[in-house]
Structure formats: C-alpha cells, structure tokens
Amino acid sequence: MATHLRSDGTLELGGVALESLTRGEEATPAYVYDVDAIRAEGRELIGAFEGQPHLVAYAVKANSAGPVVRALVEAGCGADVVSGAELMLALAAGVSPDKIVYSGVAKSDAELDLAVGSGPEGIGAVQIESAEEVERVAARARAAGRTCRVSLRVNPGVDADDLDTHAYITTGHDEAKFGVPLESIDAAVDAILARPELRLAGLASHVGSQLTSTDAYLVGARVLFDLAKAVRQKASLAFVDTGGGFGIDYGEGCPARPADFIRATRALQRERGLGDLALYCEPGRSMVAAHGVVLAKVLQRKVSSARRWLMIDAGMNDLMRPALYQAFHRVVPLRALSGPTSAWRVVGPVCESSDDFGVHTLPDDAALSHVALLDAGAYGYSMASRYNGRALPAEVFVSGGRVTGRTDRRPMSEWVEDRLAAGR
Ligand code: LLP
C-alpha cells in the first residue's frame, strides 16, 4: 500500500491529496499512479543484480500507460510483451529492441514479422511456447531474410497446488497451455538448432503470479536451471529467464520484496553452476500494483436488516480482479471520519452479481463521499472494459508531488456512436 495518511486525516499518493482529484462530475472513477514510486521500484530491483548481467523485462500487460512504461525504461528496465501492440508500445516508449522479450502461445504472422523486423538484430528474444511454433518463427525470419533470437519457454510442470496463489493465475502446471512441456524440450532444442535463421539465446519459465514466497518462485527456477545445464551440453545459452510472479501485499502479507526473489534466484543460479549466464526476469505486478489506486464516488447507500451496501461509481469493468479472481482490494475513505463504522458491502453499478468489491469496515457518516480502492496499479486499467456502456476510467499521473498528466473519461456519447457504427 503506497498511500499515506497525512496528520490532518487525508489520504495522499505521491504527495498529492487524493481528495483534490475528485472535483468535477466526471472526475471519478479514476486511476491515480505514483510514477516516481514506480521508477524507484524498478531501480531497487535492478540494484539486486549487483552488476550481474541481467534484464528486468517489465511485463507491460500489468500497466501499459505511457508515463508508467517510460518511468521503468528510465530505471533501466526492458519489456516483456505478449502482443504486437504491446511490442509497438514498448518500442515507442523507448525500450531498446534487444531488451524486449515476447511471450505468448499464439502469435500471428504479422506479430512475428514485427518482432523479427525490429531494430538491427530483431528483439531480445521471441519466446517459443511449443515445438510446433519453431518452424513458424523460422519461416517468418526466412521471409524477412534475418536471423531471430529465440528462447524456449519451458513449462516446468509445477503443480498449481504447490504454489500459494489463485489457480487462475498459475501458468506452469501440466494442464496449462503455456510453455513447452518437459518431454518436448529436447525435440524443440534440436529443431531450433537445425534452423540457421534461429539462434537459441535462452530458456525461460513463468510459473504463476502473486507468489508471496521466494520458495514458490524457486520451484520453477530449479527445474529451469537443471534443464539449462543439460541444454548447454549442445547449445550455448546467453540467459536464463525465471519469469515474473513476485507478489505484493494486498493486505494479507507478502514478506518477500522483489529484490528478495532475485537474490534467492541468483544464489540458486550460482549453486547450479550457471552464474555466467545473464539472469532475466519479467515482473509486472510488483513494479506497479502498490503505486496505483482507483478513486470512486459514493453514489448511493442501501440498508436492509441483513446488510449495508455502499454503491460506488467504479465497477467491475474498471477493476476486474475481484470479479475474475475473487481478489480483495482494500477500500478506504479519502478522509478520516470520526463516528461509528460498520461492515459495508461495496458494490459497483454494473448489472452483475460479481460486481462486488467485498465487505469493508467504513464510516457510517453520510459525509463519506469518496473512497479509494488500494493496490490497483497492476491489471487494473489494462483489463478494464466498456461493458454496460461504461466509459473507461480516467487516469491521473503524479510525479514530484504534483499531477503531471491526466486522461479524462470519454463522454458517454462516444460509446453510443461506436456501437451504432458497428458493421457500417
Ligand atoms: N511473464 C509471463 C510469461 C506472464 O504470463 C506474466 C503474467 C508475467 C510475466 C508477469 O507476471 P507478474 O509479475 O505480473 O505476476 N491478471 C492477473 C495476473 C495475470 C498474470 C498473467 N501473466 C491478475 O490481475 O492477478
């Protein structure tokens, strides 16, 4: 939680009083980000490599706003992208092509062409996720008359039950669509080595997201490193990539900091005799989650004998994580209010029962006009939709203790025009 309660009882983020951002009819729902804290997060993680060759490839899917990506570029990060659009965005935000890795189980020819054709030598690595994909990437490289650096994304076969996270965000188990299964690695390596237009640069894995202990992260890293030792018998590798997944504290604790994950991984890497390889990682959430909030206005209260509902103007279309993963984001007032509190069920305006942010202890006082949903900087705006004809939320960027950029909500009429124009 990167918000701070001032001595006068008001909540601030990055030195800006959040209440000051709620004026005006269309001010909320709004995402607010502390850009300086995001840059510092990137720097702190890079510091944990202590000069070892590395790449912190920020997973752009977590938050693709220009000021956020640019801040992480300034910190020295590269990018992990999962679509052609994210690749274009990373390049435009100043990420050098060789600091980009491109993951994804099903890339289109147009997307592969973009990756193969970027920069003087293509991007850092196209992450190949199946033996079947090898020839597709090779064909695009041949068509462009270029060579393409690739890495193999390994599915380490880690049982979802062994990880302390939600099953929907685990990716490294046997039934997941992600990565090359262990039994196909040999064949995939041979297929890559047999194609002169491909250069095998590394091995990668990503076992899941919101891992709160370094032990869970190392379960996948151990498998990856053992495999890297074997693959090095026949191919020279430049890097091992242990993926993203560093957890944050949503209120239930996460003792490990991103740098702790890296320190533990580097120790294991050295222990396995792989210390000469560069270490890549792909953190998304841990770079941005704690440094963003959603501001919402209280629209309505409803009290029955059984329940108290607090209805706000932010819905599941603005912040999808609770509806999708039963995620819990703390909801807090923007100004401390004295007087009694109750357990309020906070819900949005969308016509779905799952448009529900859970039960929170909040003041009963009708003066409670606005709230903040905390730790919403990752997978918030980037997953927002226009369901129910709702406008995408506003975004406000804070740096140096002041607002340095904002995008307003689009008018209602824009959605109406867009839908009426469909098929025309
Ligand atoms: N690399 C790969 C290949 C990934 O699939 C992901 C996330 C990451 C890196 C970044 O992981 P992170 O450091 O952010 O945990 N929407 C979900 C999370 C989905 C994560 C998907 N893959 C959520 O809101 O919790």
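Residues take their numbers from the sequence shown, with the count starting at 1. Whatever order the structure lists ligands and atoms in, that order sets their numbers, starting from 1.
Polar contact with ligand 1: absent for S286 (N/O pair, distance under 3.5 Å). Residue G243 has no N or O atom closer than 3.5 Å to an N or O atom of ligand 1. Looking at G284 next to ligand 1, an N or O pair under 3.5 Å apart turns up.
The backbone and the side chain of R285 each have at least one atom closer than 4.0 Å to an atom of ligand 1 (non-hydrogen atoms only). Counting heavy atoms closer than 4.0 Å to ligand 1, residue Y325 contributes side-chain atoms (C-beta onward) but none from N, CA, C or O. Residue contacts with ligand 1, taken as heavy atom pairs separated by less than 4.0 Å, involve S209 via backbone and side-chain atoms alike.
Using a 4.0 Å cut-off to heavy atoms of D80, the atoms of ligand 1 that qualify are 1 (N), 2 (C), 9 (C). If you number the atoms of ligand 1 from 1 as listed, the ones under 4.0 Å from a heavy atom of E282 come out as 1 (N), 2 (C), 3 (C), 8 (C), 9 (C), 10 (C), 13 (O). Ligand-side atoms of ligand 1 in range of P283: 13 (O), range being under 4.0 angstrom from any heavy atom. For ligand 1, the atoms lying closer than 4.0 Å to a non-hydrogen atom of G244 are 9 (C), 13 (O). Atoms of ligand 1 lying under 4.0 Å from at least one heavy atom of R153, given by number and element, are 3 (C).
Within the structure, the closest approach of M383 to ligand 1 falls below 4.0 Å when heavy atoms are considered. By the 4.0 Å heavy-atom criterion, Q127 is excluded from the residues contacting ligand 1.
Considering L13, V293, V16, T3 in turn, L13 is the only one that fulfils the side-chain contact (heavy atoms from CB on, under 4.5 Å) rule with D34.
Note on K234 versus D190: salt bridge recorded, some NZ/NE/NH1/NH2 to OD/OE distance being below 4.0 Å. Note on R409 versus D318: no salt bridge recorded, every NZ/NE/NH1/NH2 to OD/OE distance being 4.0 Å or above. The existence of a salt bridge linking R195 and E135 is confirmed by a sub-4.0 Å separation between a basic side-chain nitrogen and an acidic carboxylate oxygen.
Side-chain contact check for L218 versus T265: some heavy-atom pair is nearer than 4.5 Å. Here the side chains of V346 and V371 are not in contact, with every heavy-atom distance at 4.5 Å or above. Side-chain contact between R285 and F246 is absent, with no heavy-atom pair separated by less than 4.5 Å.
Classification of the Y250-H329 ring pair by plane angle, with boundaries at 30° and 60°, yields perpendicular.
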